There are 2 protein chains.
Amino acid sequence: MSDTPWLDDDELATWVRLVALVELLPGVLDTQLREDSGLMHFEYYTLAMLSEAPDRTLRMTALAHQTNATLPRLSHVVRRMEERGLVKRAPAPDDRRATVAQLTDAGWSVVQDAARGHVGTVRSRVLDALSPEQVGQLRQITEAILPRLDPSGSMAGTYTRYDR
Amino acid sequence: MSDTPWLDDDELATWVRLVALVELLPGVLDTQLREDSGLMHFEYYTLAMLSEAPDRTLRMTALAHQTNATLPRLSHVVRRMEERGLVKRAPAPDDRRATVAQLTDAGWSVVQDAARGHVGTVRSRVLDALSPEQVGQLRQITEAILPRLDPSGSMAGTYTRYDR
DNA sequence: TCACATTGGTTGACGCTACAAGTATAGCGG
DNA sequence: CCGCTATACTTGTAGCGTCAACCAATGTGA
């Protein structure tokens, strides 16, 4: 750890912009989704993952992995969404320690309604700014970085279509 | 807004990973800085911006722009750091509505001590995962996206070395 | 010079996330 | 089976960020 050189100009310029992106993007996503659908982005993402799952049902740990969330965070979010009628919880049949979360019909409607506007935002604010080559580059870049951010390798590597 | 097509497989794979990165990176930065220096990343970044400014002093609005923060957020953070003796606030001489924040000697020491470890984390968790070409690509990608995330164009575009 | 809007910043309340316990079940090793 | 550890959550609390006022100073137009 003793000799980690400083960032050169190119690295620094890149880093500063990446920090800015990480700082600004969540707010952009949250704002649009909240105004149009009354959801935070993390809630949308959670519902979207459930909507793609078999029987629209997932165990909490599996859902936490797919959403890159800690279990406490997910637990709170799911409880609040359950109070709003978007999901319901039930003990898992095979393991009585476990809980499964299932998307309700109301939750299904909410995600479906939210999806169009959300995808529109993703396009207009991010993807439309990039050429197809850049989209590919960004994919490779994020794929290279993510393993280094993920403590235990429980990443979104297992990816399933999460929209539509 | 009516016909925004869904994301194709490549776009979706990219987006899912970008979301994961945005979700995970802040925690990684916060954890290292908190453990090693008792700072959140946003606090570190704020102190670093001040440390590069003339007389280690900036007006709150200018500092907010450089840190991509809202004014209320910055105000709270600066107040808390003032209570810890890292910065101090004073009314601006030229405009009596304005406040300037100045880095104290103690604050200066804290950033300096924090910098090495922080840069080490930035390297080991992000930059080391990328080839020099990818660093350049990421810079161009973020440069393309940021204007679309920034509501008012008050970005970190005005960039000054923030480390060392 | 006197309203009125604008800018610059602070403050308080509320919601969300992280962290630390706590509970309950499951899976061992002996 | 009987303790022990590990797993799968849930819950409580504390801290940070957002949003909506709010106040003070500054411009601006009549």
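Proteins get letters first, then strands, A, B, ... in listed order; numbering begins at 1 in each. Please read these numbers as outputs of a predicted model, since none were measured by experiment.
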Flag the pair B/L7 / A/L127 as yes when at least one side-chain heavy-atom distance between them is below 4.5 Å, and no otherwise. yes

Whole-Å gap separating C1' (D/dT18) and CG (A/L33): 16 Å

Would you say A/R89 reaches D/dA8's phosphate, i.e. side-chain N/O to OP1/OP2 under 4.0 Å? no

More than 12 heavy atoms of other residues, nucleotides or ligands under 6.0 Å from CG of B/D55: is that the case? yes

What about A/V122 and A/M40, same hydrophobic cluster or not, with Ile/Leu/Val/Met/Phe/Trp/Tyr joined at side-chain heavy-atom distances under 4.5 Å? no

Distance in angstrom units between A/L24 CG and D/dG17 P, rounded: 14 Å

Taking C-beta and beyond as the side chain, do B/N68 and B/D150 meet within less than 4.5 Å on heavy atoms? no

Return no unless some side-chain N or O of A/S75 is found under 4.0 Å from OP1 or OP2 of D/dT11. no

Could you tell me whether the phosphate oxygens of D/dG15, OP1 or OP2, come under 4.0 Å of any side-chain nitrogen or oxygen in B/R80? no

Any B/T61 side-chain N or O less than 4.0 Å from OP1/OP2 of C/dT7: no

Separation of atom NE2 in A/H41 from atom P in D/dT18, rounded to whole Å: 16 Å

Nearest-Å distance, CE (B/M81) to P (D/dG15)? 17 Å

Please list residues of residues 93-102 of chain A whose heavy atoms come under 4.0 Å from any atom in DNA chain C, ordered by number; otherwise none. A/D95, A/R96, A/R97

More than 12 foreign heavy atoms under 6.0 Å from CG of A/D105: is that the case here? no

Considering only heavy atoms from C-beta outward, does the side chain of B/V28 approach that of B/V126 to under 4.5 Å? no

How close or far is atom C1' of D/dC19 from atom CG of A/D30, stated in whole angstroms? 13 Å

Rounded to whole Å, the NE2-C1' distance (A/H65 to D/dA8) equals 11 Å

Do any N or O atoms from the side chain of A/R96 and from the backbone of A/P91 form a donor-acceptor pair under 3.5 angstrom? no

B/M40 or A/L74: which one's nearest nucleotide on DNA chain D is closer to the 5' end? A/L74

For A/R59, which contact category applies under a 4.0 Å heavy-atom criterion: base, sugar-phosphate, or nothing? sugar-phosphate

Check the distance between D/dT18's P and A/F42's CZ and give it to me in whole angstrom. 18 Å

Given side-chain contact (heavy atoms from CB on, under 4.5 Å), test B/L39 with B/R84 step by step and report yes or no. CA-CA 11 Å; B/L39 293 172; B/R84 288 191 272 155; 4.1 Å; yes

Nucleotide N/O to protein N/O under 3.5 Å, stretch nucleotides 18-21 of chain C:
none

Can you measure A/L63 atom CG to D/dC9 atom P for me and round it to whole angstrom units? 10 Å

A/F42 vs A/R73 side-chain heavy atoms within contact, under 4.5 Å: yes

